[in-house]
Peer 1: 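Next up is a structure, given as structure tokens.
Just follow the structure's listing: the first ligand is 1, and inside any ligand the first atom is 1. Any value given below was found using the heavy atoms of this structure, including those in side chains, with hydrogens, waters and symmetry copies removed.
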Amino acid sequence: MTRITFLGTGGGRFATVYQVRRTGGIYLEDGARVHLDPGPGAALAMRFLRLDPAKTDAVLISHCHPDHYGDAEVMLEGMTACSFSRRGVLAGSKSSILGNGDYGPAVSDYHRRIVLEARTMLPGDALSVKDLGVRATRTAHSDPDGIGFRFSTSEGDVCYVSDTELKEDVADEHVGARVLIMSVTRPLRSRVRNHMSTEDAAEMASAIGPEVAVITHFGSKMVHDGVEAQRRYVEDSSGVRTIAAEDFMVLDMGKRIRARRGWRPG
Ligand SMILES: [Zn+2]
């Protein structure tokens, strides 16, 4: 069984600053435990869901925007048992790990040193976290070093497209995905540069044909305009079963893929 937990489903500046949706990233469990893009509030979301940061095996950062790395150093301290145990993997875009002049790094020299392995990834680079295969994929975003991730899990491939414009060579990276997780910042009729809109998500889902498409990383206009309407558009125009992620939603992947509501505070 592979489990994907959404510690946050917000993205973009306004949604992050005002926490229109949470921004704690995505937690993938498949033997290995991987925390993907631990944005602001990741530590709090982990606590709510009773996930122990000390059991995380890898922290992955797709690019160097704060909605994707705000709590990264805290989660690295968690992974290393508050820095007492040198363990785990930190991997991500060059901008996140080393900085590229314009952006980053997202983590200090100190935090790179406390983990067992810290590495940058370019599109096409691969690594293993226990038995979980991870490959970096191409993006077209305002952080030029940005990457997405493709996970080869025991239940099939899970692709996390991350922040990107829709381009053919970006979509091609995700052919064969069983679950396609797309960062859809903008709603219908509101496309902007560097991000995917609802129309783009529909086009990509249609081109890839995964078993399930998940839309997440909602900007504030997306939430204001109604996420369900966007989900319906993607599903109706692509013919792909589409799920709009909710904060603390859990996706269980076995023979079937089931979404359930995780615990909700208060
Ligand atoms: Zn971004």
Side-chain angles (χ1 to χ4, degrees), residues 6-28 34-42 45 59-75 90-107 120-123 125 134 136-150 159-167 169-171 173-174 180-187 190-201 204 214-224 227 230 244-245 247:
F6 291 80
L7 300 174
T9 57
R13 278 165 283 195
F14 287 95
T16 302
V17 169
Y18 295 103
Q19 289 290 288
V20 176
R21 290 279 187 114
R22 293 177 183 275
T23 49
I26 295 173
Y27 204 78
L28 187 145
V34 173
H35 196 157
L36 192 52
D37 282 351
V59 172
L60 305 180
I61 306 173
S62 67
H63 66 287
C64 202
H65 288 159
D67 46 342
H68 294 257
Y69 72 76
D71 268 9
E73 291 180 337
V74 179
M75 291 296 93
L90 162 67
S93 66
K94 176 175 176 286
S95 49
S96 317
I97 307 299
L98 299 175
N100 65 6
D102 232 6
Y103 295 105
V107 296
T120 62
M121 294 184 87
L122 296 169
D125 286 351
V134 183
T137 59
R138 202 184 298 272
T139 68
H141 192 42
S142 45
D143 174 351
D145 294 329
I147 51 175
F149 295 104
R150 183 174 185 128
C159 284
Y160 170 66
V161 176
S162 191
D163 291 11
T164 184
E165 272 182 28
L166 178 59
K167 296 236 163 99
D169 60 351
V170 171
E173 300 265 44
H174 303 289
L180 178 69
I181 303 170
M182 295 178 284
S183 296
V184 188
T185 318
R186 301 287 294 180
S190 309
R191 187 184 274 129
V192 296
R193 282 187 62 205
N194 299 318
H195 291 279
M196 277 173 69
S197 66
T198 300
E199 293 93 336
D200 298 327
M204 186 162 181
V214 180
I215 57 172
T216 187
H217 194 271
F218 305 130
S220 55
K221 183 167 168 45
M222 186 91 177
V223 174
H224 178 267
V227 163
Q230 317 300 317
D247 289 348

Peer 1: Taking all atoms of both residues into account, what is the closest heavy-atom pair of A91 and M121, and its distance?
Peer 2: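 For A91 versus M121, the nearest heavy atoms are CB-SD, 4.0 Å.
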Peer 1: Could you pull out all donor-acceptor pairs under 3.5 Å where a side-chain atom in residues 7-18 meets a protein atom, sequence neighbours excluded?
Peer 2:
residue : atom : partner : partner atom : Å
T9      : OG1  : R21     : NH1          : 2.9
T9      : OG1  : D247    : OD1          : 2.6
T16     : OG1  : G12     : O            : 2.6

Peer 1: Would you please name every residue forming a side chain to side chain contact (heavy atoms under 4.5 Å, CB included) with R138, sequence neighbours left out?
Peer 2: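 Listed in chain order: P123, D169, E173.
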Peer 1: For the Zn ion (ligand 1), how many protein N, O or S atoms lie at less than 2.8 Å?
Peer 2: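 Counting protein N, O and S atoms closer than 2.8 Å to the Zn ion (ligand 1) gives 4.
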Peer 1: How are the rings of H141 and H63 set to each other: parallel, tilted or perpendicular (split at 30° and 60°)?
Peer 2: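 Ring orientation of H141 relative to H63: perpendicular.
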Peer 1: Verify, without hydrogens or angle tests, whether T164 (side chain) and A140 (backbone) share a donor-acceptor contact under 3.5 angstrom.
Peer 2: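 Between the backbone of A140 and the side chain of T164 there is a qualifying donor-acceptor contact (under 3.5 Å).
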Peer 1: Identify, with sequence neighbours excluded, every residue that meets salt bridge (charged side-chain N to carboxylate O under 4.0 Å, His left out) alongside R191.
Peer 2: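 For R191 the salt bridge (charged side-chain N to carboxylate O under 4.0 Å, His left out) partners, ignoring immediate neighbours, are D200.
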